[in-house]
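Here's the structure, in structure tokens; my notes come after.
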Amino acid sequence: MKFRRLVISCIAVFFALGAAACSSGGGSGGKGGKSGGKVDIVWWFPAKEQEATMKKIAEEFNKKQDHINLKPQLNAGADYYTKLQTVLAAKNGPDVMWMNGPNFPKFQSKGFLMKLDNKVDTDGVSMTNYPESLVKLYSKDGYYGIPKDYDTIGLFYNKEMFDKAGVPYPSDKWTWDDLRSAALKLTVKSGKTASQWGIAAHLSTQEVVYPFLVQNGVLPIAEDRKSLKYDSPEGIEAVQFLFDLMYKDGSSPDGQYMTDNDPLQLFQSGKVAMIMSGSWQAKPYYDALKDKVDVQMLPSHMKSGNIIHGVAWVGNANSKHPDEVWEVLKYLGSKEVAMLQAETGTVIPAFNGTQDAWVKSMPLNLKIFIDSTSIAEPYPSAFDPEWETPVNTHLTNIWLNKETPSDGLKKITEESNKVLAATN
Amino acid sequence: MSLAKEPQMMLTGSAVKSALRTREMLWGYFFIAPVVIGLFIFVVIPIIASLVLSFSSWDGSSNMNFIGLDNFVKMFSDQVYLKALRTTTVYTAITVPATIILSVMVAVMLNRQIRGRDVYRLIFFLPSVTMPVAIAVVWKWMYNGSNGLINYLLSLVGIDGPGWITDERFILTSIMIIAIWGGIGYNMIILLSGLQGIPDTYYEAASLDGATSWSRFANITVPLLTPAIFFVLVTSLIGAFQVFDLVFMLTPVTSGGGAGGVLQDATRTAVFSIYQNGFTWFKIGYASAQAWVLFVIIFLITMLQMYLQKRWVHYE
């Protein structure tokens, strides 16, 4: 009999624990409980490497005032946005959260996000504190996000390889033609196969294709996010230029080679002299190549151009404490928080004038990433994430030399426009 | 621990007995409850939910719109999905027979008393206990078109090897090679146990009658191994129709996250299509419908096999 009682109590305990675990799992959302007379504001973010900074920010905030208890919660993993969508749809979830560009239109259009215009106007917060293109990224019929940080694209190059080939370093006046002739000079071929390439024209929409489109006057997506025009002569010229680096000049490894071998690794191991990469690559490249690496503005063609993307803080439209949410957002958008982030060196803070700390964190020409904001277009996004599928599909085909640039771009334009027209 | 018997001896009377039976039954249900509840929450309810969702156009967050059979109708004109079904069929039709034939050969060889038998068995079984991700990474390295091991070996005999996983004409074959290589070990274990169940006396009798080793294999080993082969066939067919991880690992993904192009068209399988619709594009209703169609296909094929087994599976 003793045995039975033991088993039963074990099972009872098991169930009790299970039920408790479930209820706490479901209740992590921001119902806005009060602890010690304070309002709890739950704050979600997915970046593990920034957890320490976020915790420090919350600590500072909680010290500053006595009626809000800001609770930072790390939700790392690829399913952050899936999870966020599920809890927000249930009118639950965090009060304040991390948002990126591609996901913003969808979350905004479902009414999940708090509109900030009233608060911004009455509270004397100036959106001119942040790069305009970044503010634009998180606006629809008004402001929805407070920019947190951003990234732009630069032309990284290996100084040692330039010295060896006797080619002058890239300048901020470089055009596509300069890039092309330098890449050719830096390429070393032995027979049919190259042992060193001048450039890696890798297939990255954000770092390569979109910036080159912008430099030729083509927007990655129309301002109203309802169409794109990649099949214009300028669009075709831009992609043809990249294609020719691979398949005409041979100054870049071709698409197949870069599918097998990570182009970023090729640059880090000194097999490629130049590569277009985002500001987030500065630290890994510097760690790998030390004083051999530097960075310059992207070359220009019709005009100079770049792509900017950045994360923003947004509020939950269904939060029980909209006023407190705004107070937190205001603090997160402040210069003080921007400085806290800049000191870590991982991200470029969005608050204008606080980027110096990041620029000084490595002995590279990092200033170009800040200067590029004025010529940058926001990373394209639209309500239905499927719009980018034709882009990726046909660009892959072009890079693998299975479709010509003009055929591929025509198909992208046709198929993406169909998706964009159907859903907006 | 004869907890049940003990009180029975002390009590008489049918009313008491049936009350006791009820109590025992209740305890029985109580004890299996953790498993049953788990099964319901994680298996039965999701299955029912996906059936319901397959008649809707749900995107994961909006209100559910029921659209009747639209998802199923759409599927039959969706060229991408039809191609995925064809790819899955080709994959199954090649990997399953190839794996089984090779597994039978390996099992028969490793059933003999040869030196280092256990080492060979271990080598063949190793892929089954290795993480698929690790397998994919190593194969990717070997398949590298410019400096991979395979093309290096081919270059020694003067062959200019292809881009195994960067050329749409080869990538599916490359994936199937890994699948066959990885499937042999598990099947071999099942078949080995089948082989060890065949009594030696049959072989002795056959030898006395002068049967050659081939005719012993064809007339004793194979027929008596058919129950094991049947089991292996059913499970590998189901597994092959559900192939996902290898495809997912070996098809290159572009920075946009969506991936695509000729390489993905060449390798998109039925489950990959479900994944893509459900979790890349959030067409959860359509993905559920595809999942149910796949289920029906697998179910019908398995039933057909159950029916056909009477003709070729020999039970002693």
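The figures here come from the full heavy-atom set of this structure, side chains too, leaving out hydrogens, waters and symmetry mates. Numbered from 1 within each chain, the chains take letters A, B, ... in sequence-line order.
Considering CD1 of B:Ile165 and OG1 of A:Thr259, their distance stands at 8.5 Å, rounded to 0.5 Å. Remark: B:Gln264 CD to A:Asn392 CG distance equals 9.0 Å, nearest 0.5 Å.
Both the backbone and the side chain of B:Asp167 come within contact range of chain A, with heavy atoms under 4.5 Å apart.
What you find for A:Asn261 and B:Asn144 is that their closest heavy atoms are OD1-ND2, 2.8 Å. The two residues B:Gly261 and A:Thr396 come nearest to each other via the heavy atoms CA-CB, 4.0 Å.
Sparse packing is recorded around OH of B:Tyr152, with 12 or fewer heavy atoms of other residues, nucleotides or ligands lying under 6.0 Å away. Within a 6.0 Å sphere centred on OH of A:Tyr247, heavy atoms belonging to other residues, nucleotides or ligands number more than 12.
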